[in-house]
Amino acid sequence: MTDQPATDQPATDRPVRVMVVDDHPMWRDAVSRDLAEAGLDVVATAGDGEEAVRRARACSPQVVVLDLNLPGLPGAEVCRQVVAHDPAVRVLVLSASGEHQDVLEAVKSGATGYLVKSAGREELLDAVRRTAVGDAVFTPGLAGLVLGEFRRLAAEPAQASAPAVPQLTARETEVLRLVAKGLSYRQIADRLVLSHRTVQNHVQNTLGKLQLHNRVELVRYAIEQGLDEEL
């Protein structure tokens, strides 16, 4: 079977459903307007943590663009609750802070990407679209921090015997190794001469087999298995 032409769009032709969460009304409105003008479907906005959790559960966005500094529930807790309720939701943090502790806390809470607010309009639009199709998107320099932390955690002694590793196909393992190295779906597709959609399908199949929820968890699993050191 031959691969279909590569595409950067989600599996559906419908616009990506996005929710914007920020306590600054002017910033929230500006981000929402930029996303809507670019053709994305802004299904909800929220200005505090508790409101964000309620609205995310009500409107089921594909991507939540989330500030960390929120009244009520802090952003990391919002992320944790939203992802726990619906693991299919992807959270892209958009924060004024680039502090390592904030980045790592967001990722551990379930965020799949992290941009600082100095990012430009096109960078944000690209990040939202990539987040929607499963890429882990980080402001330059932060991806290495996250991978380094996962490697540090993987090097710590295991506190319990590891469960049996599910059987992956050779191609799924090959894709997983490249995911662990921090490559985007587009880069993996180019490296393996596959379509973007085929790479997505391999990743989704692997997530299902490993009972993981998102790409960040998948990267951590791969590093724990030492797959980032192979190839």
Report summary line: CG (L210) and CD (E172) are apart, to the nearest 0.5 Å, by 8.5 Å

Report task. Go through the side-chain N and O atoms of S97 and D102 and say whether any donor and acceptor fall under 3.5 Å apart. Result -> yes

Query raised in the report: Distance from Y114 atom OH to T131 atom OG1, nearest 0.5 Å?
Result: 14.0 Å

Report task. Can you measure from OG1 (T169) to CG (N205) and round to the nearest 0.5 angstrom? Result -> 8.0 Å

Report task. With rounding to the nearest 0.5 Å, note down the distance linking CD in Q62 to CG in D86. Result -> 10.5 Å

Requested in this report: Taking the side chain as every heavy atom from C-beta outward, state whether V199 and L192 have any atom pair closer than 4.5 Å.
Outcome: no

Requested in this report: Taking all heavy atoms of Y185 and all of V133, pick out the closest pair and write down the distance.
Outcome: CE1-O, 3.0 Å

Report task. Step by step, work out the side-chain contact (heavy atoms from CB on, under 4.5 Å) result for L35 and V20. Result -> CA-CA 9 Å; L35 296 176; V20 179; 3.7 Å; yes

Query - Residue among Q81, R80, E77 satisfying side chain to side chain donor-acceptor pair (under 3.5 Å) with S109 - result: R80

Query raised in the report: Rounded to the nearest 0.5 Å, how far apart are CG of D126 and CD of E123?
Result: 8.0 Å

Query - Closest non-hydrogen atom pair between C79 and L66, with its separation - result: CB-CD2, 3.9 Å

Report task. Of all the heavy-atom pairs spanning V18 and P61, show the shortest one and how long it is. Result -> C-CB, 4.3 Å

Report task. Step by step, work out the side-chain contact (heavy atoms from CB on, under 4.5 Å) result for D22 and L94. Result -> CA-CA 9 Å; D22 197 291; L94 182 61; 6.0 Å; no

Query raised in the report: Mind checking whether L183 and Y221 sit in one hydrophobic cluster, side chains of I, L, V, M, F, W, Y counted as touching below 4.5 Å?
Result: yes

**Report entry** Check: Q200/H196 side-chain N/O donor and acceptor closer than 3.5 Å
**Finding:** yes

**Report entry** Of R129, R186, R130, the residue whose pairing with D135 passes salt bridge (charged side-chain N to carboxylate O under 4.0 Å, His left out)
**Finding:** R130

Requested in this report: Considering non-hydrogen atoms only, spot the tightest contact between P15 and G39 and give its length.
Outcome: CB-O, 3.2 Å

Query raised in the report: Among pairs that include at least one residue of residues 26-49, which meet salt bridge (Lys or Arg N to Asp or Glu O under 4.0 Å), considering only residues two or more places apart or in two chains?
Result: D34-R121

Query raised in the report: Under 6.0 Å from the CD atom of Q187, do we count more than 12 heavy atoms belonging to anything else shown?
Result: yes

Query raised in the report: Taking side chain as C-beta onward, heavy atoms only, is P71 less than 4.5 Å from E50?
Result: no

**Report entry** Within-4.5 Å side-chain heavy-atom neighbours: L168 and K209
**Finding:** yes

Query raised in the report: Under 4.0 Å between a Lys/Arg side-chain N and an Asp/Glu carboxylate O for R171 and E174?
Result: yes

Query - D23 versus L70, closest heavy-atom pair with distance - result: N-CD2, 3.8 Å

Query - Derivation and outcome, side-chain contact (heavy atoms from CB on, under 4.5 Å), residues R191 and L178 - result: CA-CA 9 Å; R191 175 80 67 90; L178 296 176; 3.6 Å; yes

Requested in this report: Report yes if the side chains of T206 and V175 come closer than 4.5 Å at any heavy-atom pair, otherwise no.
Outcome: no

Query raised in the report: If you measure from CG on L92 to CE on M19, what distance do you get to the nearest 0.5 Å?
Result: 14.0 Å

Report task. Answer whether the closest heavy-atom distance between the side chains of V65 and V21 falls below 4.5 Å. Result -> no

Query - Chi angles and distances behind the salt bridge (Lys or Arg N to Asp or Glu O under 4.0 Å) call for K117, D67 - result: CA-CA 9 Å; K117 286 186 174 180; D67 188 18; 3.6 Å; yes

Query raised in the report: In terms of hydrophobic clustering (I, L, V, M, F, W, Y; side-chain heavy atoms under 4.5 Å; direct or indirect links), are V43 and V31 co-clustered?
Result: no

**Report entry** Contact summary for V103 and G98, nearest pair of heavy atoms
**Finding:** CG2-O, 4.3 Å

Query raised in the report: Can any side-chain N or O of T112 pair as donor or acceptor with the backbone N or O of A136 at less than 3.5 Å?
Result: no

Requested in this report: Say whether, by atom type as modelled, one donor and one acceptor occur between the side chain of R55 and the main chain of T45 under 3.5 angstrom.
Outcome: yes

